[in-house]
Student: 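First the structure, then my questions, so here it is.
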There are 2 protein chains.
Amino acid sequence: MAARMTRQRTAVVEALDELADFRSAQQLHETLRARGESVGLATVYRALQALADASEVDVLRAEDGESLYRRCARREHHHHLVCRHCGRTVEIDGPTVEAWASKVAAAQGFDDIEHTIELWGTCADCRASAATK
Amino acid sequence: MAARMTRQRTAVVEALDELADFRSAQQLHETLRARGESVGLATVYRALQALADASEVDVLRAEDGESLYRRCARREHHHHLVCRHCGRTVEIDGPTVEAWASKVAAAQGFDDIEHTIELWGTCADCRASAATK
DNA sequence: ATCAGGCGTGAGAATCATTCTCATGAACTC
DNA sequence: GAGTTCATGAGAATGATTCTCACGCCTGAT
Ligand SMILES: [Mn+2]
Ligand SMILES: [Mn+2]
Ligand SMILES: [Zn+2]
Ligand SMILES: [Zn+2]
């Protein structure tokens, strides 16, 4: 059952570890290629999917629908504040919101409840570079 | 500037008004075709986009990435509890969450803040029909 | 009501992220 | 080290959404 340890899988994990921000599969593929650690695009997708299934990476959808991946510091459930320009991310805890979400959903007779809570904004750096123009 | 009133646009709005649940553009297209009010798929997409821009419909992304549309009762900002099987929707108010979201984001120096807060589950009806099998 | 010009329409092509196919090569077991 | 199994990758396929552009329907002015 354990995933086989290959050069490609290792390269993907290492790239994620060095990156602090949410990145798309395509971006990661390009990053790996630039480093010479070339990995097939399909393999990047497969590695990311496996990592997501194992809860080793978090996945979220950008506004344009593209999936973004990140190796977060915490393994526990949490949420994110993400810069929509550069992907910079702050991990967020929301005990208040957690309680609110499950209460509201249960009150309506819904089961198998999940919630999507993500905050998007422009980080201080991206605001600064936009002002420069 | 005002959008021209055409048979197609009217048909899309009417279909949305009769539907209580979130539906995809493809589903709406099929519904219209079934009624004989046939409308081109590209036109359905354009009508929905125009309505979304005018805040006449809410848009959200299903877990598979497909966009879902709904004409909600309230025009004001709100969130949703949606059945992932049939699209059944309950509109949700979250004053607590609103305050929490803007405070958290501002504390991190982020601007132009938006939030995505959606609840997904299985509604009572869909749970019942799943049990039947 | 008519007319002209502009905007909306729709069939099909194009786009683009993601997934699939399948022949080949690299891990792990013994 | 040999054999079995699973991962890889190039390219094709998929599927939602957008684009193209020739044609026709709204609409405001006459
Ligand atoms: Mn949560
Ligand atoms: Mn809100
Ligand atoms: Zn930024
Ligand atoms: Zn349901």
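Values below: all heavy atoms of this structure, side chains included; hydrogens, waters and symmetry mates excluded. Being a predicted model, the structure only gives us computed values, none of them experimental. Throughout, a chain's letter reflects where its sequence line sits, starting with A, and its residues are numbered from 1.
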Student: Starting from P on dC26(D), measure out to CZ on Arg7(B) and report it in whole angstrom.
Tutor: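 Atom CZ in Arg7(B) sits about 9 Å away from atom P in dC26(D).
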Student: What is the first contacted nucleotide of DNA chain C and what is the last, in 5' to 3' order, if contact means an atom lying under 4.0 angstrom from a heavy atom of chain A?
Tutor: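 Nucleotide range with atoms under 4.0 Å of chain A: dA17(C) to dC28(C).
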Student: Which residues in residues 8-19 of chain A have a heavy atom closer than 4.0 Å to any atom of DNA chain D?
Tutor: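 Output list: Gln8(A), Arg9(A).
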Student: Does dA7(D) have its OP1 or OP2 closer than 4.0 Å to a side-chain nitrogen or oxygen of Thr43(A)?
Tutor: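 So the side-chain polar atoms of Thr43(A) never come under 4.0 Å of the phosphate oxygens OP1 or OP2 of dA7(D).
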Student: Under 4.5 Å between side-chain heavy atoms, counting indirect links through other Ile/Leu/Val/Met/Phe/Trp/Tyr residues: same cluster for Leu32(A) and Leu41(A) or not?
Tutor: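 In one cluster: no.
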Student: Enumerate the residues from residues 46-63 of chain A whose closest heavy atom to DNA chain C is under 4.0 Å, giving them by residue number; use none for an empty result.
Tutor: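 The stretch gives Arg46(A), Gln49(A) as the residues lying under 4.0 Å from the strand, ordered by number.
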Student: Do any N or O atoms from the side chain of Arg70(B) and from the backbone of Ala20(B) form a donor-acceptor pair under 3.5 angstrom?
Tutor: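 Such a contact is found between Arg70(B) side chain and Ala20(B) backbone.
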Student: Under the criterion side chain to side chain donor-acceptor pair (under 3.5 Å), I'd like the reasoning laid out for Asp112(B) against Thr122(A): C-alpha separation, chi angles, the key distance, then a yes or no.
Tutor: CA-CA 6 Å; Asp112(B) 304 323; Thr122(A) 302; 3.2 Å; yes
Student: Mapping Ala42(A) and Tyr69(B) onto DNA chain D by nearest heavy atom, which one lands closer to the 5' end?
Tutor: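 Of the two residues, Ala42(A) wins.
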Student: Roughly, in whole Å, what's the span from CG in Asp64(B) to C1' in dT14(D)?
Tutor: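 About 13 Å, once rounded to whole Å.
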Student: Hey, any chance Val90(A) and Trp100(B) share a hydrophobic cluster, counting ILVMFWY side chains that come within less than 4.5 Å of each other, even indirectly?
Tutor: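 Cluster IDs for Val90(A) and Trp100(B) match.
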Student: Tell me, do Arg46(A) and Gln8(A) make a side-chain contact under 4.5 Å, heavy atoms counted?
Tutor: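 Heavy-atom side-chain distance check fails, nothing below 4.5 Å.
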Student: Identify which one of Leu48(A), Asp17(A), Thr6(A) satisfies the side chain to side chain contact (heavy atoms under 4.5 Å, CB included) criterion when paired with Val12(A).
Tutor: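 Exactly one candidate clears the test, Leu48(A).
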Student: Report the C-alpha distance between Tyr45(B) and Gln26(B) in whole Å, list the side-chain angles of each, state the deciding distance to 0.1 Å, and finish with yes or no for side chain to side chain donor-acceptor pair (under 3.5 Å).
Tutor: CA-CA 9 Å; Tyr45(B) 274 105; Gln26(B) 310 266 353; 3.2 Å; yes
Student: Only pairs at least two apart or in different chains count here, so list each salt bridge (charged side-chain N to carboxylate O under 4.0 Å, His left out) that has a residue in residues 115-125 of chain A.
Tutor: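 Matches after skipping sequence neighbours: Arg88(A)-Asp125(A).
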Student: Considering the terminal five base pairs at each end of the helix from dA1(C)-dT30(D) to dC30(C)-dG1(D), what angle separates the two local helix axes, rounded to 10°?
Tutor: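 Answer rounded to 10°: the end axes differ by 40°.
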Student: For His77(B) and His115(B): C-alpha separation, side-chain torsions, deciding distance, then whether side chain to side chain donor-acceptor pair (under 3.5 Å) applies.
Tutor: CA-CA 11 Å; His77(B) 173 83; His115(B) 57 255; 3.0 Å; yes
Student: Tell me: CD of Glu30(B) to C1' of dA16(D), nearest whole Å?
Tutor: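 After rounding, the gap between these two atoms is 16 Å.
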Student: State plainly whether the residues Asp93(B) and Arg74(B) are in salt-bridge range, i.e. N to O under 4.0 Å.
Tutor: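 Yes, Asp93(B) and Arg74(B) are salt-bridged.
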Student: Provide a list of protein-nucleic acid N or O atom pairs under 3.5 angstrom, restricted to nucleotides 27-30 of chain D.
Tutor:
residue: dT27(D); atom: OP1; partner: Met5(B); partner atom: N; Å: 3.3

Student: Could you state the atom-to-atom distance from CD of Gln27(B) to P of dA16(D) in whole Å?
Tutor: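 About 10 Å, once rounded to whole Å.
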Student: If you pin Gly65(B) and Val44(A) to their nearest nucleotides in DNA chain D, which one's is more 5'?
Tutor: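 Whichever sits nearer the 5' end wins; that is Val44(A).
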Student: Are any of Tyr45(B)'s side-chain N or O atoms less than 4.0 Å away from OP1 or OP2 of dT17(D)?
Tutor: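 True: Tyr45(B) side-chain N/O within range (under 4.0 Å) of dT17(D) OP1/OP2.
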Student: In sequence, state the C-alpha distance, the side-chain angles, and the governing distance for Glu98(A) and His79(A), and then conclude on side chain to side chain donor-acceptor pair (under 3.5 Å).
Tutor: CA-CA 10 Å; Glu98(A) 300 299 328; His79(A) 301 278; 2.8 Å; yes
Student: In terms of side-chain geometry, is the basic nitrogen of Arg35(A) or Glu18(A) positioned less than 4.0 Å from the acidic oxygen of its partner?
Tutor: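 Glu18(A) and Arg35(A): salt-bridged.
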Student: Which value, rounded to the nearest 0.5 Å, describes the distance between Phe110(B) atom CZ and Leu81(A) atom CG?
Tutor: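 Rounded to the nearest 0.5 Å, the CZ-CG separation comes out at 4.0 Å.
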Student: Under 4.0 Å between any heavy atoms, over every strand shown, what does Ser67(A) touch: base, sugar-phosphate, or nothing? Just pick one.
Tutor: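 Ser67(A): backbone/sugar contact only, no base atoms under 4.0 Å.
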Student: Could you measure the distance from the CZ atom of Arg23(B) to the CG atom of Leu16(B)? Nearest 0.5 Å is fine.
Tutor: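 CG of Leu16(B) is found 10.5 Å from CZ of Arg23(B).
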Student: Measure centre to centre between the rings of His80(B) and Phe22(B), then say whether the value is under 6.0 Å.
Tutor: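 That pair passes the under 6.0 Å test.
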Student: Check this for me: does any side-chain nitrogen of one of Arg61(A) and Glu66(A) sit under 4.0 Å from a carboxylate oxygen of the other?
Tutor: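 No, this pair does not count.
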